[in-house]
Amino acid sequence: MFYLAIKVRQVLPIVIEAVFFDLDGTLLHMNMDEFLSKYIKALSDSFREIMPPDLVKNSLRRAIIAALTDNNPGKTNQEVFIEQFLLGTNYSPQDLLPVFNSFYNNEYKDLRSFTQPTPSAKEVVDKLAGCGYRLVLATNPIFPRIAILERMKWAGVDSAPWEIITTYEEYHFCKPNPGFFAELLSNMGLSGAQALMVGNNTNEDLSASVLGIKTYLTIDNLIDRGDSSYEPDFRGKLADLPSCLEQIQP
Ligand SMILES: [Mg+2]
């Protein structure tokens, strides 16, 4: 029986069940560096009543870098972020949470003008949902859920049947750490071969291949900082993803 099982696995191709979508630069076009700089400026303006702008900017940069690079599986990215943001201040997380929430409910929405929605995002996501693919919004989890949901609205993909959205409240690693993809696969109950990662960053998104996840590099808003040794399995425009899947699926 064992022999038979192994033989069947070798003969039958693995079917991709789930598609993991990056958000920024993939479903929602933007100049990431410009967006981050506007975000840091807007957030530091919102904190001006309680912290000097320069302190907010430095704390924010330190907190983002810490959340991006921390490898401790016992701490969520939010815990790392808040801890680093509060370093050197007398504030507690409870003091700052209302300020963050107010920012994301108000000023954050103005950052929409620094993004360019692409019509193919909704079309592609809806089409794949209609084909029965399980969908994951696999954005880099350095933002709270409220901020990710807002950007999904800007991209026009907020109403799709997302099974998981990777938020900083829930995830413990960031791309390109393969631990991020391992945690996601575990939450989905999938092996790497059952998923396809779609993204625009040659390092952050293509590192999924370490887990055996197939990768589709979108070229519409490509980011290649020369820091990647990964090769995508497929590359093309986001709009061409459904036809690519039709060709590779048995
Ligand atoms: Mg991206």
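Counting starts at 1 for both ligands and their atoms, following the listed order.
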Q: Applying ring pair (Phe, Tyr, Trp, His ring centres under 6.0 Å), can you list everything that pairs with F81, at least two apart in sequence or on another chain?
A: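 Partners of F81 by the ring pair (Phe, Tyr, Trp, His ring centres under 6.0 Å) criterion, ordered by chain and then number, come out as Y168.
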Q: Sequence neighbours left out, what pairs pass ring-ring contact (aromatic ring centres under 6.0 Å, His included) with at least one residue falling in residues 175-228?
A: Y171-F180
Q: Could you name all protein N, O or S atoms found under 2.8 Å from the Mg ion (ligand 1)?
A: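 Under 2.8 Å from the Mg ion (ligand 1) - ignoring waters, which are not counted - the protein N, O or S atoms are D22 OD2, D24 O, N200 OD1.
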Q: If you compare all heavy atoms of Q84 against all heavy atoms of A63, which two are closest, and at what distance to 0.1 Å?
A: CB-CA, 3.7 Å
Q: Can you give each donor-acceptor pair under 3.5 Å made by side-chain atoms of residues 87-99, sequence neighbours left out, with the distance rounded to 0.1 Å?
A:
{"from": "T89", "atom 1": "OG1", "to": "L86", "atom 2": "O", "distance (Å)": "2.8"}
{"from": "T89", "atom 1": "OG1", "to": "Y91", "atom 2": "N", "distance (Å)": "3.2"}
{"from": "Y91", "atom 1": "OH", "to": "I50", "atom 2": "O", "distance (Å)": "2.7"}
{"from": "S92", "atom 1": "OG", "to": "Q94", "atom 2": "N", "distance (Å)": "3.4"}
{"from": "S92", "atom 1": "OG", "to": "Q94", "atom 2": "OE1", "distance (Å)": "3.4"}
{"from": "S92", "atom 1": "OG", "to": "D95", "atom 2": "N", "distance (Å)": "3.4"}
{"from": "S92", "atom 1": "OG", "to": "D95", "atom 2": "OD2", "distance (Å)": "3.3"}
{"from": "D95", "atom 1": "OD2", "to": "S92", "atom 2": "N", "distance (Å)": "2.8"}

Q: Using a distance-only test with no angle check, is there a side-chain donor-acceptor pair under 3.5 angstrom linking Y108 and R151?
A: yes
Q: Flag the pair D224 and R235 as a salt bridge only when some basic side-chain nitrogen lies within less than 4.0 angstrom of an acidic carboxylate oxygen.
A: no
